[in-house]
Protein chains: 2
Amino acid sequence: MPETSRPRVTMDDVAAAAGVSRSLVSIAYRGVAGVSDETREHILAAGRALRYRPNTVASRLASRTGRSLGLFLLDLRNPVFADIFDGVSAVTEEAGAHLVLGVGDTAGTRDRLALETLLGARADVVLAAGAVLSDRELIALVGADRLVSVARRVPGVDSVYADDLAGARLVVDHLYFLGHRRIAHLAVPPTDGRTDRRAGYEVRMRELGLTPQVVTAVPTLEAALAVATPLLGGPGRPTAVFANNDLAALGVVEAAGRLGLRVPDDLSVVGYDDSPLSGLRAVGLTSVDQHALDLGRRSAEAALWRLENPAGEVVDVSLSPRLVVRSSATAPSS
Amino acid sequence: MPETSRPRVTMDDVAAAAGVSRSLVSIAYRGVAGVSDETREHILAAGRALRYRPNTVASRLASRTGRSLGLFLLDLRNPVFADIFDGVSAVTEEAGAHLVLGVGDTAGTRDRLALETLLGARADVVLAAGAVLSDRELIALVGADRLVSVARRVPGVDSVYADDLAGARLVVDHLYFLGHRRIAHLAVPPTDGRTDRRAGYEVRMRELGLTPQVVTAVPTLEAALAVATPLLGGPGRPTAVFANNDLAALGVVEAAGRLGLRVPDDLSVVGYDDSPLSGLRAVGLTSVDQHALDLGRRSAEAALWRLENPAGEVVDVSLSPRLVVRSSATAPSS
DNA sequence: TTGTACGCGTTATCAG
DNA sequence: CTGATAACGCGTACAA
């Protein structure tokens, strides 16, 4: 016999069962002042007996003070977004705020859809991590006042990020001092708004008197593999590749392997994000730590702060990226 | 000058601007019958001009027919859950259903919390992927009638899974025929409900006249590394380890490497999930493909079907797991 | 085809 | 501390 589809129990039911008014039940469940501890416990007991669970949908509609954050994550396959989620989640939870998630894809085709879903769910603030949309589009869609940009600086908008210009510089300098001169960069497609890593690379290359060589691909392992293959296959191939993130770097390593090139003997590779896999001996990827967990925490804090201070100054938190040296980049052999 | 915090525009505003009633606006936006195409377009134009966006919170509260699915994902660091998400998301989207996400952690400490959040958000059906809770707890919390178990069979509950008993058997047989006799299994902690891989391993080992050796750890790289180290460090160590998932398998490989053991020469390792990283040359992990994307799709379809057929027979979809042979498991050298 | 009125489950205000 | 009563924004018969 299938479980009988139980009737939805509401606050009124709890109120009736506890012999009090519905307002009191609301007060009791929200944990605000207005009930004696005794009555409160009595009400909660009645609720438990009825298996009552507050309806957050109704609650969010009725509440005018309820803080809810919408978090956009570009790519669930990239562990850096798990770190960001953990940071945001921890802060949100301990603040008792509501968190709603939206997920995109690396090509950026779902950015708009996911962001609109968050807006439709009436997120008071939208935290955008990894969005492909340009600064302008982002602001037009979400509104500069409801947006917190995570891991990317957007001028005029609350931003919490690690300095990508500096991070790219760390990488180029590292490779340069190892002796590399032909250093290629695997960047994300140029249509989007995440341009600082590439810009940092190009600026530093020129400062060092070197010629930038940029190829682009969406930041996945597969796409990186596809573009790295011709890059490494031809003559005059680079001696080092700086990839936009660790997943792409792994794609480069894979491409090199398939071409019979050894890493790091024949090719040095550097990634970005310092994901957990980079530390494995089998991988040993030199990378840049952008402190994603902290980015998550700080951006959630910024969002909550913004709700309290609508007219406060634009938040601009810049963390210092850290180069993590491993075995995938050494002095060139030739 | 900061963007002026625009007043929330509602259907009434759109109705006023378009010179029609609010009901008509509702009808127009939902795309149901009841408006002339002409009027409809006129209304939508007015909505665009006002930058109106339907409030899904209010919509979900008012609607009695709205289908919304709640998806629980255990671990954002495990790519298998990204596959499941993609499958669920695709089906949900094309069905026009609402999808809300809840995220747990590998220790299972957040299972209850995340599931309750989904319930509080009034998900009509909850899809649970990777939940640590036991069958009994899961049913008690969510209700057998609102639950779809993903990647795990729960008797009496709609379940979409790949046969873990068979998958484990595939692995043991593979290792056995390669010549291994001391095959250890790295399982998830015994308190939870995901027991089939371990059971399949133990049954098959006994059938083959071998002695099962099980160690447990939460399914993360770090935890696997921690328990694999003593396992591989002592005398009489196994010649092969079958890990509960790919992340754990990577932890085993890492532990082996730190102990100076070569994979597969000194130790064979097999994972589970056939995650993207397993295919890399630098990893080359033999694993079991459980068709996670399909699991996602099928479970979402099951959930939507259940909404239409509340009294329908219990869904039981069992896919056949597939062994993917790579370089991490070979004949034992000794 | 269009408009009216009631309800969804809470929150919040304001007298008792 | 308690209990009516109006929002919250929208869905949905039902009537026009």
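Note that these values count all heavy atoms, side chains included, but never hydrogens, waters or copies made by symmetry. Proteins get letters first, then strands, A, B, ... in listed order; numbering begins at 1 in each. A quick note: this is a predicted structure, and the numbers were derived from the prediction, not measured.
- Between B/Y52 atom OH and D/dG9 atom P there is a gap of 10 Å when expressed in whole angstrom units.
- Nearest nucleotide to the side chain of B/T10, out of D/dC10, D/dG11, D/dG3: D/dC10.
- The closest side-chain donor-acceptor pair between A/T56 and A/S59, if any, does not fall under 3.5 angstrom.
- Residue contacts shown for A/T56 are absent, as no nucleic acid heavy atom lies under 4.0 Å away.
- Side-chain contact annotation: B/R30 with B/S26, donor-acceptor N/O pair under 3.5 Å present.
- A straight line from CG of B/D13 to P of D/dC8 spans 11 Å, rounded to a whole angstrom.
- The shortest distance between side-chain heavy atoms of A/L118 and A/L101 does not fall below 4.5 Å.
- Spacing between atom OH of B/Y29 and atom P of D/dC10 amounts to 10 Å, rounded to whole angstrom units.
- One can place CZ of B/R22 at 12 Å from P of D/dT12, the figure rounded to the nearest angstrom.
- Closest approach to the B/M11 side chain among D/dC10, D/dT12, D/dC8 is made by D/dC10 (side chain taken as heavy atoms from C-beta onward).
- Annotation: side chain of A/V103 is in contact with side chain of B/F85 (closest heavy-atom distance under 4.5 Å).
- Note: CG (B/D12) to C1' (D/dG11) measures 13 Å, nearest angstrom.
- Base engagement by A/S23 is indicated by at least one non-hydrogen atom pair under 4.0 Å involving a base atom.
- Both A/S26 and B/S63 lie close to DNA chain C; mapped to their nearest nucleotides by heavy-atom distance, the more 5′-ward contact belongs to B/S63.
- Atom CZ in B/R53 sits about 16 Å away from atom C1' in D/dG9, given to the nearest Å.
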Next on the checklist: I'd like to know whether A/V150 forms a side chain to side chain contact (heavy atoms under 4.5 Å, CB included) with A/F72, so could you lay out the CA-CA distance, the side-chain angles of the two residues, the decisive distance to 0.1 Å, and finally the verdict.
Outcome noted: CA-CA 9 Å; A/V150 187; A/F72 170 85; over 6 Å; no

Item to check | salt bridge (charged side-chain N to carboxylate O under 4.0 Å, His left out) evaluation trace for A/R48 with A/E41 | outcome: CA-CA 10 Å; A/R48 273 192 298 272; A/E41 197 42 59; 3.1 Å; yes

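- Taking the nucleotide of DNA chain C with the nearest heavy atom to each of B/V35 and A/L61, the more 5' of the two is matched to B/V35.
- By the 4.5 Å heavy-atom criterion applied to side chains, B/R77 and A/D86 are counted as neighbours.
- Chain A approaches DNA chain C over the interval C/dG9 to C/dA12, counting the first and last nucleotide 5' to 3' with an atom under 4.0 Å from its heavy atoms.
- Counting any heavy atom pair closer than 4.0 Å across all strands shown, B/V20 reaches sugar-phosphate atoms only and no base atom.
- Atoms CD1 (B/I43) and P (D/dC10) sit 14 Å apart, rounded to a whole Å.
- Across the protein-nucleic acid pair, A/I27 atom CD1 and D/dG3 atom C1' stand 10 Å apart, rounded to whole Å.
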